[in-house]
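The structure appears right after this line, and notes come after that.
Index from 1, following the sequence.
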Amino acid sequence: VEGIEVVTPTRLDELPERATQVEFLTTVIDSGDGPELCIGGVATSLPPQCSGPVAAGLDMEGWSEELNGVQWGDRSVVVTWPPIDGIVNVVADSAIIAWDVEFPSEELPAECRGVETAAGAGAINEYARSLGARNGGLYVASDGTLVLQVVDDPAPHRAAMVEFGGACVIEVPRSEAEQRSIQEALGSLLADLPELASTYAIGTGAGGRVVVQVPAADRATARAIANLVDEPTAIRIVGLGILDR
């Protein structure tokens, strides 16, 4: 969409112009102000904590835990979108229905499959730091593979990885420093974007792109983010919810 790569549980050819309903597979926490959808992550305290829109009309009885007056549990919840004054209305809810968002297969070339990395993770991290401007960042793929990104020929680095226990090495177009520069510039602009309802996360990631996690990755949101950057291909949007027109 507008040069930005969009990764979402929804089929890309089915992305609506503007989402009116979104299904979230998420933790829900009610600490006294109503059940909140933990779209932005969960603090692993006991009881857990999070922030997100309040799901009006959600009954947590029968599937939640409770401690010190706080209720929490995992639920698949379909809600109206976007939030209005921090509130969404529940259309339907059900037991968890699992779904996965996978990055494109070309991010992990064939020579990286089956690489053993656990024993050398610390050393590989130090190696990545030693590369300076050639370092494209280190991340863990969805299948657990440790991936070292470089901005030059990956072959010598793959040879070096044998000493440290192995890692998948791929070439990317931007160094980690360049990614962070884009992240910082974009981050200051996203906070004022009404399409995000103030709920998003941003960081560096796979393919040398800056990853923006948003609740609803519809076309309007993607275009709005694309208009904030000079190089939309440097951005990957990851939608957290399944969109329903």
Practice prompt. Could you grab the distance from atom CD1 of I170 to atom CZ of R158, nearest 0.5 Å is fine?
Written response: 9.0 Å
Practice prompt. Mark yes or no for whether S188, through its side chain, and A185, through its backbone, hold a donor-acceptor pair below 3.5 Å.
Written response: yes
Worksheet item: Tell me the side chain to side chain donor-acceptor pair (under 3.5 Å) pairs involving residues 27-37, sequence neighbours left out?
Response: T27-D74
Discussion item. Nearest 0.5 angstrom please: E171 CD to R134 CZ, how far?
Written reply: 12.5 Å
Worksheet item: Taking atom CG of L189 as the centre, does the number of heavy atoms from other residues, nucleotides or ligands within less than 6.0 Å exceed 12?
Response: yes
Worksheet item: Is it true that Y127 and L138 fall in one hydrophobic cluster, defined by side-chain heavy atoms closer than 4.5 Å?
Response: yes
Worksheet item: Taking all non-hydrogen atoms of both residues, which atom of T8 and which atom of G241 are closest, and how far apart?
Response: OG1-O, 3.9 Å
Discussion item. What's the separation between atom CG in N125 and atom OG in S130, rounded to the nearest 0.5 Å?
Written reply: 10.0 Å
Discussion item. Would the distance check show the side chain of R174 and the main-chain N or O of G208 forming a donor-acceptor pair, the cut-off being under 3.5 Å?
Written reply: yes
Practice prompt. Please answer: with hydrophobic residues joined when any side-chain heavy atoms are less than 4.5 Å apart, are V1 and V22 in the same cluster?
Written response: yes
Practice prompt. Give the minimum heavy-atom separation between L243 and A19, together with the two atoms involved.
Written response: CD2-CB, 4.0 Å
Item to complete: Mind checking the OG-CH2 spacing from S94 to W63? Nearest 0.5 Å is all I need.
Response: 10.5 Å
Worksheet, complete the sentence: Heavy-atom nearest pair, T26 first then I39, reads OG1-N, 4.2 Å
Discussion item. side-chain contact (heavy atoms from CB on, under 4.5 Å) for I237 and T221? Distances and angles first, verdict last.
Written reply: CA-CA 9 Å; I237 296 176; T221 299; 5.5 Å; no
Fill in: Distance (rounded to the nearest 0.5 Å) between T233 OG1 and E5 CD
10.5 Å
Discussion item. Could you walk me through whether V91 and W81 satisfy the side-chain contact (heavy atoms from CB on, under 4.5 Å) test, starting with their C-alpha distance in whole Å, then the side-chain angles of each, then the deciding distance to 0.1 Å, before giving a yes or no?
Written reply: CA-CA 11 Å; V91 177; W81 199 259; over 6 Å; no
Item to complete: State whether the side chain of E23 and the backbone N or O of S76 hold a donor-acceptor pair below 3.5 Å, judged by distance alone.
Response: no
Worksheet item: Do V229 and I202 share a hydrophobic cluster, counting only Ile, Leu, Val, Met, Phe, Trp and Tyr and linking them when any side-chain heavy atoms are less than 4.5 Å apart?
Response: yes
Fill in: Whether R75 side chain and V28 backbone form a donor-acceptor pair below 3.5 Å
no
Worksheet, complete the sentence: All heavy atoms of V210 vs all of Q183, minimum pair found to be CG2-N, 4.0 Å
Discussion item. I need the R219 CZ to I4 CD1 distance, nearest 0.5 Å.
Written reply: 12.5 Å
Worksheet item: Is it true that E176 and R180 make a salt bridge, defined as a side-chain N closer than 4.0 Å to a carboxylate O?
Response: yes
Practice prompt. Give a yes or no on whether F24 and V78 share a hydrophobic cluster (residues Ile, Leu, Val, Met, Phe, Trp, Tyr; joining criterion: side-chain heavy atoms under 4.5 Å apart).
Written response: no
Worksheet entry | Chi angles and distances behind the side-chain contact (heavy atoms from CB on, under 4.5 Å) call for D218, L15 | CA-CA 6 Å; D218 54 30; L15 284 182; 5.7 Å; no
Fill in: For the student: nearest non-hydrogen atoms of M60 and G73, plus distance
CE-N, 4.3 Å
Practice prompt. State yes or no: do M161 and L131 share one hydrophobic cluster built from I, L, V, M, F, W and Y residues joined by side-chain heavy-atom distances below 4.5 Å, directly or via other members?
Written response: yes
Worksheet item: Should I235 and I182 be marked as a side-chain contact (heavy atoms from CB on, under 4.5 Å) after you check the CA-CA gap, both sets of side-chain angles, and the distance that decides it?
Response: CA-CA 9 Å; I235 308 299; I182 295 172; 4.0 Å; yes
Worksheet entry | Considering all heavy atoms, the nearest P173-V151 contact | C-CG1, 4.5 Å
